There are 2 protein chains.
Amino acid sequence: MKWDTLEEEPCSLARTVAVIGDRWSLLILRECFLRKRRFEAFQSSLGITRHLLAERLKKLVRFGVLRRIPYQESPKRYEYILTQKGLDLYPIIMSIVHWGNIHMVDSRGRPMLHQHKNCGHMFDPVMVCSECGEPLSAKAVHVHPGPGARQTSPVHAMAADDPKAKTKTGT
Amino acid sequence: MKWDTLEEEPCSLARTVAVIGDRWSLLILRECFLRKRRFEAFQSSLGITRHLLAERLKKLVRFGVLRRIPYQESPKRYEYILTQKGLDLYPIIMSIVHWGNIHMVDSRGRPMLHQHKNCGHMFDPVMVCSECGEPLSAKAVHVHPGPGARQTSPVHAMAADDPKAKTKTGT
DNA sequence: CTTTAAAGTTCTATTTTAGAACTGTCAATA
DNA sequence: TATTGACAGTTCTAAAATAGAACTTTAAAG
């Protein structure tokens, strides 16, 4: 399977993975959320090759996650800032960080702490139901096919009307 | 940078990316959360090559996200189930799905809907502060170096005491 | 006139992934 | 008894992505 087919699948997870599901994009976005904006800044703090960084930035701009904005003329230089679509990735970033905080820390403890400006406390993110406000767990959730689903399987990976896909449609 | 150095970095995001930050792991985990457990089931619904699937399953088992359990003797067959560590990935999965629901849907609408068994409603996940319960946004959060941080930069990608890293320590 | 800085681009070598075929164990079937 | 099929992988080669380093362009600074 290729990246470009991934982004067309009838699955919101697959489509998002097409945007951020590679080794570098999330790390670049981490830097964005830490107020880094420039090519050199990304490159030096991540140690990513310049070639790949250029590619990834282009991709994130193409998907509308970042915007490329000139910050000086002659020589023309650009910086990358998060769009609203990019800012909306924050819950993903935070839940990833939180999982790492719980499951991937060594004896030295957390590499960083988060403080909520509104209430002043150090916090962890908690995912709750938009309707009742209770914390969510996988077992308390039912999935249903939505209007954008493909026939039988709600999150099936391929188009059933694709003749090439017949080996995958399975039993 | 290699995957194995990624998992040792003083950053919870980088460490988590070392586990789930590739093209396939999140899709495999999606299937796990949809109660798929077997090699053939993963392979046929994802269209992943058998080779890579075997690799990814090994990796997820190695990281303690899945457990490989025999479900029959002779011939010995195994299935893969989520550990608690794996179940804890649920907020990551849900926030990824939610972002896709908001930003990657076509005119047909969402591929799937989520119902909260506790309250009965279709819902969206919301990320809130563990201390005050308010929804979180990037701008309302301050980051601080924690006990597991490396000197100057709280989320810096490499060890400053690593002589090879000097080109990256930058200006 | 040379050096430096930023933001890339270009190149080759290495690693990963895709795609397909093959293996081993057993049960069911002809 | 021989054959087929299911399952859970392994093994191969070709194609694609990534690593690592050098090079380019524009313009200011020494």
Side-chain angles (χ1 to χ4, degrees), chain A residues 1-6 17-18 21-28 31 36-62 66-81 157-158 164-168 170-171, chain B residues 1-6 17-18 21-28 31 36-62 66-81 157-158 162 164-171:
Chain A
M1 185 187 284
K2 277 75 151 281
W3 281 108
D4 43 314
T5 69
L6 199 56
V17 165
D22 65 277
R23 201 180 320 198
W24 287 112
S25 295
L26 282 168
L27 292 164
I28 293 168
E31 297 301 309
K36 295 258 172 81
R37 312 173 147 219
R38 299 188 184 174
F39 192 94
E40 295 294 321
F42 294 129
Q43 203 279 319
S44 70
S45 68
L46 291 174
I48 183 176
T49 65
R50 307 177 73 78
H51 176 47
L52 256 206
L53 176 58
E55 282 251 314
R56 288 294 177 270
L57 289 171
K58 262 181 208 150
K59 175 175 157 180
L60 291 170
V61 168
R62 180 160 42 80
L66 298 179
R67 208 189 319 276
R68 184 166 172 268
I69 300 186
Y71 68 89
Q72 70 170 39
E73 305 288 324
S74 78
K76 208 148 192 173
R77 292 286 149 73
Y78 298 90
E79 59 187 8
Y80 297 87
I81 64 158
M158 87 278 346
K164 298 196 306 298
K166 66 183 181 309
T167 60
K168 298 190 233 162
T171 52
Chain B
M1 183 187 284
K2 278 74 155 280
W3 280 108
D4 44 314
T5 69
L6 199 56
V17 165
D22 66 278
R23 199 181 323 200
W24 286 112
S25 294
L26 281 167
L27 292 164
I28 292 169
E31 297 300 308
K36 295 257 173 81
R37 312 174 147 217
R38 299 188 184 173
F39 192 93
E40 294 295 320
F42 294 130
Q43 203 279 319
S44 71
S45 68
L46 291 174
I48 184 176
T49 65
R50 308 176 72 76
H51 177 48
L52 256 207
L53 176 57
E55 282 250 314
R56 287 295 178 270
L57 288 172
K58 263 179 209 153
K59 175 176 157 181
L60 291 170
V61 168
R62 180 160 43 80
L66 298 178
R67 207 190 319 276
R68 184 166 172 266
I69 299 185
Y71 68 89
Q72 69 170 39
E73 304 289 325
S74 78
K76 207 148 193 174
R77 291 287 148 71
Y78 298 90
E79 60 186 9
Y80 297 86
I81 65 159
M158 89 280 339
D162 179 358
K164 298 195 306 298
K166 65 183 182 306
T167 59
K168 298 188 233 161
T169 339
T171 50

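In the text below, chain A, chain B and the rest are named by the order of the sequence lines, each starting its count at 1. Heavy-atom basis, side chains included; hydrogens, waters and symmetry copies ignored. Keep in mind it's a predicted model, so treat the numbers as computed, not measured.
- With sequence neighbours excluded, no residue forms a side-chain hydrogen bond (donor to acceptor under 3.5 Å, both in side chains) with A:R77.
- Geometrically, A:R68 engages A:Y78 in a cation-pi contact defined by less than 6.0 Å to the ring centre and at most 45° from the axis.
- The nearest pair of heavy atoms linking A:Q43 to A:I48 is NE2-O, 2.8 Å.
- Evaluation of the salt bridge (charged side-chain N to carboxylate O under 4.0 Å, His left out) rule for A:R67 yields no partner, not counting sequence neighbours.
- Across the protein-nucleic acid pair, A:D22 atom CG and D:dA17 atom P stand 12 Å apart, rounded to whole Å.
- Applying the salt bridge (charged side-chain N to carboxylate O under 4.0 Å, His left out) criterion to A:R38, with sequence neighbours excluded, gives A:E79.
- Between B:E55 atom CD and C:dA18 atom C1' the separation is 13 Å, expressed in whole Å.
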Going 5' to 3' through nucleotides 20-30 of chain D, assign each nucleotide B (protein heavy atom under 4.0 Å from a base atom), S (under 4.0 Å only from sugar-phosphate atoms) or - (no protein heavy atom that close).
B-B---BS---
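- Protein atom CG of B:L53 is 14 Å distant from nucleotide atom P of D:dC7, rounded to whole Å.
- For C:dA6, neither phosphate oxygen OP1 nor OP2 lies less than 4.0 angstrom from any side-chain nitrogen or oxygen of A:R37.
- Taking 4.0 angstrom as the limit, B:K58 places a side-chain polar atom (N or O) nearer than this to OP1 or OP2 of D:dT10.
- When the P atom of C:dG19 is taken as reference, atom CD of B:Q43 falls 11 Å away, rounded to whole Å.
- Checking C:dA18, C:dG8, D:dA8 against every side-chain atom of B:W24, the shortest atom distance belongs to C:dA18.
- Spacing between atom CD1 of A:I48 and atom C1' of D:dT18 amounts to 10 Å, rounded to whole angstrom units.
- Applying the salt bridge (charged side-chain N to carboxylate O under 4.0 Å, His left out) test to pairs two or more places apart or on separate chains, those with a residue in residues 40-50 of chain B are B:E40-B:R50.
- Of all nucleotides listed (D:dT18, D:dG9, D:dC7), D:dC7 comes nearest to the side chain of B:E40.
- At the phosphate of C:dA7, OP1 or OP2 sits under 4.0 Å from a side-chain N or O atom of A:Y71.
- Regarding A:L27, its CG atom lies at a distance of 13 Å from the P atom of D:dT18, rounded to whole Å.
- Under the rule for a salt bridge (charged side-chain N to carboxylate O under 4.0 Å, His left out), the partners of B:R56 that lie at least two apart in sequence or sit in another chain are B:D22.
- We find that CG of A:L46 is positioned 15 Å from P of C:dA7, with the value rounded to whole Å.
- Side-chain N/O atoms of A:Y80 include none lying less than 4.0 angstrom from OP1 or OP2 on C:dA6.
- The CZ atom of B:F39 sits 6 Å away from the C1' atom of D:dA8 (whole-angstrom rounding).
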